[in-house]
Amino acid sequence: DIIVDAALSRLPARMEHFLVQPQRCPSTASSSPCVRVLLDGAHVSDSVRRVLRETKQSLGERPVILLALGSEKDSTGICRAIFEATPERVFVTRVSTDARYLSAAVLGVEVASAGIPNPVVVDDPEEALNAALRHAAKAESNLVVIGSLHLAGRLRPALAARHVPDNDMERFGAQ
């Protein structure tokens, strides 16, 4: 249904787009390149696959991915879906130290087991976001944050606070 699709597309952390500078800068006139960030709460293999397929179609390149998962999720299936997208690099983190979430170390092993080389393991989500943004800027890539609605909820305020207005966001798929 078109109306339902339109409503869902406006939900926070549902294919939500930001334009972010990797470093906090006092003004947007900084020479720091901006990174296009897609935030999506996708947390099952089919939704991860869909988000990455749609991102690749709209951007035509290999994204940097920031991933955190709940411990009850199908990490093997999700990591396979990420492998299929041939990401530029995968950063893994943990939403919190609560046992409901996979540790970054365990998730890093899962990502590597799926055939994705050299995942970057960063325990703190905010530090992981900063590292992933810096890497994406250097690689001239985009960043996709997926795997957990809780991760999206934790990082969304930081992304919104660092969002740089851009008249060209419509090309990126923003509404």
Side-chain angles (χ1 to χ4, degrees), residues 8-24 33-59 61-71 73-75 77-79 81-96 100-104 107-108 110-111 114 116 119-164 166 169 172-175:
L8 287 175
S9 72
R10 291 189 180 96
L11 290 174
R14 168 71 172 80
M15 298 294 283
E16 188 172 11
H17 301 271
F18 297 90
L19 184 63
V20 178
Q21 289 181 317
Q23 303 295 327
R24 291 182 189 264
C34 290
V35 175
R36 296 193 184 276
V37 179
L38 171 71
L39 180 68
D40 195 288
H43 55 273
V44 297
S45 58
D46 286 342
S47 62
V48 166
R49 192 171 280 110
R50 177 194 46 78
V51 166
L52 295 174
R53 183 179 54 245
E54 289 177 17
T55 300
K56 195 169 204 171
Q57 287 172 351
S58 66
L59 301 176
E61 61 184 61
R62 296 170 43 187
V64 172
I65 295 174
L66 176 55
L67 176 70
L69 293 174
S71 57
K73 299 302 176 194
D74 174 17
S75 58
I78 290 169
C79 290
I82 292 170
F83 173 79
E84 293 166 8
T86 63
E88 205 293 311
R89 179 62 61 96
V90 175
F91 287 74
V92 295
T93 193
R94 181 179 196 166
V95 175
S96 81
R100 294 179 297 162
Y101 306 102
L102 286 179
S103 72
L107 187 52
E110 290 278 343
V111 167
I116 301 166
V120 179
V121 177
V122 183
D123 286 322
D124 180 77
E126 286 80 8
E127 289 176 21
L129 174 63
N130 290 329
L133 283 167
R134 286 190 303 271
H135 183 84
K138 283 183 194 173
E140 297 182 354
S141 188
N142 298 293
L143 175 61
V144 177
V145 180
I146 54 174
S148 167
L149 288 166
H150 296 134
L151 177 68
R154 182 155 176 184
L155 296 181
R156 187 175 185 274
L159 290 168
R162 293 165 67 179
H163 176 71
V164 177
D166 179 16
M169 284 298 281
F172 186 54
Q175 303 280 331

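Residues take their numbers from the sequence shown, with the count starting at 1.
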Checking side-chain contact (heavy atoms from CB on, under 4.5 Å) for the pair H43/S47: CA distance, chi angles, key distance, verdict? CA-CA 7 Å; H43 55 273; S47 62; 5.5 Å; no
When you measure from the side chain of S71 to the backbone of R100, do you find a donor-acceptor pair of N or O atoms at a distance under 3.5 Å? yes
Can you find a heavy atom in the side chain of L19 that is under 4.5 Å from one in the side chain of H163? yes
What's the shortest heavy-atom distance between T93 and D123, and which atoms? OG1-O, 3.0 Å
Might you point out which heavy atoms bring R94 and S103 nearest each other, and give the distance in Å? NH1-CB, 3.5 Å
Below 4.5 Å, heavy atoms only, C-beta onward: do L155 and L66 meet side chain to side chain? yes
Of all heavy-atom pairs linking A137 and P22, the shortest is CB-CG, 3.5 Å
Mind checking the CD-SG spacing from E110 to C79? Nearest 0.5 Å is all I need. 5.5 Å
C34 vs Q21 side-chain heavy atoms within contact, under 4.5 Å: yes
Of all heavy-atom pairs between L151 and P125, which one has the smallest distance, and what is that distance? CD1-CB, 4.0 Å
Is there side-chain contact between N130 and V122, with heavy atoms separated by less than 4.5 Å? no
If you measure only the distance, is there a donor-acceptor pair under 3.5 Å linking the side chains of S141 and E88? no
Candidate list V145, V51, N142, L143, test side chain to side chain contact (heavy atoms under 4.5 Å, CB included), partner L38, passing option: V51
Which heavy atom of D40 sits nearest to which heavy atom of A42, and what is that distance? OD1-N, 2.9 Å
NZ-CG distance between K73 and L107, expressed to the nearest 0.5 angstrom: 13.5 Å
Would the distance check show the side chain of S148 and the main-chain N or O of L69 forming a donor-acceptor pair, the cut-off being under 3.5 Å? no
N/O donor-acceptor pair under 3.5 Å between R62 side chain and T86 backbone: yes
Enter the distance from L129:CG to R156:CZ here, rounded to the nearest 0.5 Å. 13.5 Å
Can you find a heavy atom in the side chain of L67 that is under 4.5 Å from one in the side chain of I146? yes
Any Lys/Arg nitrogen of R154 or E126 sitting under 4.0 Å from an Asp/Glu carboxylate oxygen of the other? yes
Less than 4.5 Å apart, any side-chain heavy atom of V111 and any of I82? no
Answer whether the closest heavy-atom distance between the side chains of E16 and L159 falls below 4.5 Å. no
Where the side chain of R49 meets the backbone of V44, is there a donor-acceptor pair that is under 3.5 Å apart? no
What distance do L52 atom CG and I65 atom CD1 have between them, rounded to the nearest 0.5 Å? 4.5 Å
